[in-house]
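To find a chain, count down the sequence lines: A is the first, B the second, and so on, and within it residues start at 1. Just so we're clear, the structure is a prediction, and the values are computed from it rather than from any experiment.
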Protein chains: 2
Amino acid sequence: MARTDDRFRNAYNALLDICGGMEIGTQLPAETALADRMDVSRTIVRTALQKLDSEQLIRWEGRRKTLVRKPEKCHRLEPAETPPSGEELERQFLEWVLRFDVPAGTSLNVAQLSRQFAVPAHNLQEFLAGLARFGLVERRPRGGWRLLGFTAEFAVELSDFRLVLELNAVRQLLTLPESHPVWKKLADIRQEHEALRKDIQSRYHDFSKLDEKFHTVVNSVVKNRFVVEAQKVISLIFHYHYMWDKTREQERNSAAIEEHLEWIDAMLARDLARSEAAAMKHLSTSKDTLLTSLRGHNLV
Amino acid sequence: MARTDDRFRNAYNALLDICGGMEIGTQLPAETALADRMDVSRTIVRTALQKLDSEQLIRWEGRRKTLVRKPEKCHRLEPAETPPSGEELERQFLEWVLRFDVPAGTSLNVAQLSRQFAVPAHNLQEFLAGLARFGLVERRPRGGWRLLGFTAEFAVELSDFRLVLELNAVRQLLTLPESHPVWKKLADIRQEHEALRKDIQSRYHDFSKLDEKFHTVVNSVVKNRFVVEAQKVISLIFHYHYMWDKTREQERNSAAIEEHLEWIDAMLARDLARSEAAAMKHLSTSKDTLLTSLRGHNLV
DNA sequence: GAATTTGATTTTAATTATAAAAAACAATAT
DNA sequence: ATATTGTTTTTTATAATTAAAATCAAATTC
């Protein structure tokens, strides 16, 4: 079979439901009407009707589709399982790379990975082609892919790029009027930082989430598809690194909270120079952390 | 046939050349040696040898491969035509979109486009998956792709992103020491601008190239794979728009030359504030030009 | 007779099957 | 021992296949 007949199965089951709500002996609606109702092409409707006819559930003569008997549970077809989405695949792939410290230069083969992640090979190919645009992987001369990222160089460049984008976000943020919702959000997130600072001994694990939330708030003021796309990749990689690098976590997080607070206060004070300085300081710490964690892992 | 046998054909022809340079009755080198020499797997060498044997050009017994007679022209296989590269495809695609003003929202179908551009469908699929990361196209719910970019909104966002990246480049550039080659390049390109300014009446077409060269020089100081990738797409789109938008070309280019010169002078004077102002002014003009040209085309 | 419905055909694109190429392994000859 | 060849396995890129959608024309109903 070339394609999965998911759509057919779902449509057939929907048709059983429709039959279930009708009296025996009555006529089913026209093919086009059914197709519209189920948001499916007429071809599918017709094959489903054909099956209903051969199952003796309806009698189909020309445009007369008479319900012969009510469908029962045994008539239903196994519903299709949902294939993992693009984002799910992204998550799985990065998790695999970071958890197992897959070294830069590793050959990736689509067949094996597609089995591993339980996605069609086709799908994975597309995903890798997308990553190639960000320089995370490259095509090998004759077929296959090679993992490029996750070297120290990569971390430096990623961090520098992040700095460029976030400084830009900070500058834009400070031009926003008092009434803009971002100010309220910043004030709220400031509270959350203070709360976490108090309980840091027991709750230091919660910082990863708060960190992501804070950066998202800052970046949310930039309405630009390129920036948004780039930040998606950046936050993904930083986030996963935090997840797997557990060295001196409490200490790191404590320091990061202080840096965040200084940064937030500077922005709330509408002080551009101080905000930029605070942002640079924090992002520089982040960069060092990412670098250290990569060094620790890749020196095999 | 599942794959093209390009590699086999090329290898077979190379083998004919090797036979041509040998005396009749002598032995061909070992399979591994041939494979190494032709940068091809042994499997290919063996199938090629098999064909040479069946063509009665060599006698192949075990590890004895004796040349029976010299190959002639008629023995050569049609050499494979080179498939267009990724960059060539990129160029062709953007040229098609801009030349024919393909409107945003158009459904793209891989089969048709792959015929049009004479590339394997596979290849095009990958290319589109890459563009999707930049928000230029998106996957349609059930198969196929949709063109998204090239709306006014897109132009604004692209220009804003460009501004962020180039301002960053300017800031980095001004920190570079006197000895850095970029200063010489800037001085040279300043001369080129002056020369073009003198002959602008007759040579205004040459500005497009000079513009690209200038921006490349400025951006070249940023050694960052993300920035480089992003700038590739940006310059591509701006470049192609300049190519197809011919309204008031001379006037536009004259003005742009003056803006470039002010910008270059500011940088040569190591004046950051003035450089930033000049960059912003020029990029803002560029943005307007891009917007106008899009409006002119898309209001169908 | 106009609108709707159906029958048949064409087109499109996702997936599978498969040939080409590479790699791995085992056997043999030098 | 080493180099070379024979064989098998694995992998990848493309062609073939098929589900689904779209199109078109004929037929039926009101």
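Between Phe8(B) atom CZ and dT12(D) atom P there is a gap of 23 Å when expressed in whole angstrom units. Distance CG (Leu124(A)) to P (dA13(D)): 12 Å, rounded to an integer number of Å. Atom CZ of Arg46(B) is separated from atom C1' of dT9(D) by 15 Å (rounded to the nearest Å). Rounding to whole angstrom units, CZ of residue Arg42(B) and P of dT5(D) are separated by 7 Å. In this structure, CE of Met38(A) is placed 14 Å from C1' of dA21(D), rounded to the nearest angstrom. What separates CG of Asp36(A) from C1' of dT4(C) is a distance of 13 Å, to the nearest Å. Between Asp6(A) atom CG and dA19(D) atom C1' the separation is 11 Å, expressed in whole Å. Note: CZ (Arg146(B)) to P (dA13(C)) measures 13 Å, nearest angstrom.
Each side chain to side chain donor-acceptor pair (under 3.5 Å) pair with one or both residues in residues 56-66 of chain A, not counting sequence neighbours, appears once here: Gln27(A)-Thr66(A). Residue pairs meeting the salt bridge (charged side-chain N to carboxylate O under 4.0 Å, His left out) criterion with at least one partner in residues 19-28 of chain B, sequence neighbours excluded, do not occur; the list is empty.
Across its full length, the helix from dG1(C)-dC30(D) to dT30(C)-dA1(D) shows an angle of 10° between the axes of its 5 terminal pairs at either end, rounded to 10 degrees.
Here dA20(D) is the nucleotide among dA22(C), dA20(D), dT6(C) with the atom lying nearest to any side-chain atom of Ile44(A). Of the candidate nucleotides dA22(C), dA20(D), dT5(D), dA20(D) has the atom lying nearest to any side-chain atom of Thr43(A).
For the pair Arg225(A) and Glu229(A), the salt-bridge criterion is not met [side-chain N within less than 4.0 Å of a carboxylate O]. One finds no salt bridge joining Asp36(A) and Arg42(A) here, because no Lys/Arg side-chain nitrogen approaches an Asp/Glu carboxylate oxygen to under 4.0 Å.
Residue Arg7(B) places no side-chain N or O under 4.0 Å from the OP1 or OP2 atom of dA13(D). Between Ser41(A) and dA20(D), a side-chain N or O to OP1/OP2 separation shorter than 4.0 Å is absent.
Side-chain N or O atoms of Asn13(A) include one that pairs as donor or acceptor with a backbone N or O of Leu77(A) at under 3.5 Å. Remark: the backbone N or O of Leu67(A) is not paired with any side-chain donor or acceptor of Lys70(A) at under 3.5 angstrom. Ser235(B) places a side-chain N or O within 3.5 Å of a backbone atom of Gln231(B) that can act as its donor or acceptor partner.
Summarising the local packing, CZ of Arg69(B) is surrounded by more than 12 heavy atoms from other residues, nucleotides or ligands at distances under 6.0 Å. At most 12 non-hydrogen atoms from other residues, nucleotides or ligands lie less than 6.0 angstrom from CD of Glu153(A).
Near DNA chain C, defined here as any heavy-atom distance below 4.0 Å, the residues from residues 17-34 of chain A are Ala30(A), Glu31(A), Thr32(A), listed numerically. Within residues 49-65 of chain B, the residues that place at least one heavy atom under 4.0 Å from DNA chain D are, in residue-number order, Trp60(B), Gly62(B), Arg63(B), Lys65(B).
Evaluation of the ring-ring contact (aromatic ring centres under 6.0 Å, His included) rule for Phe238(A) yields no partner, not counting sequence neighbours.
Side-chain contact check for Leu147(B) versus Glu138(B): every heavy-atom pair is 4.5 Å or farther apart. Annotation: side chain of Phe154(A) is in contact with side chain of Leu136(A) (closest heavy-atom distance under 4.5 Å).
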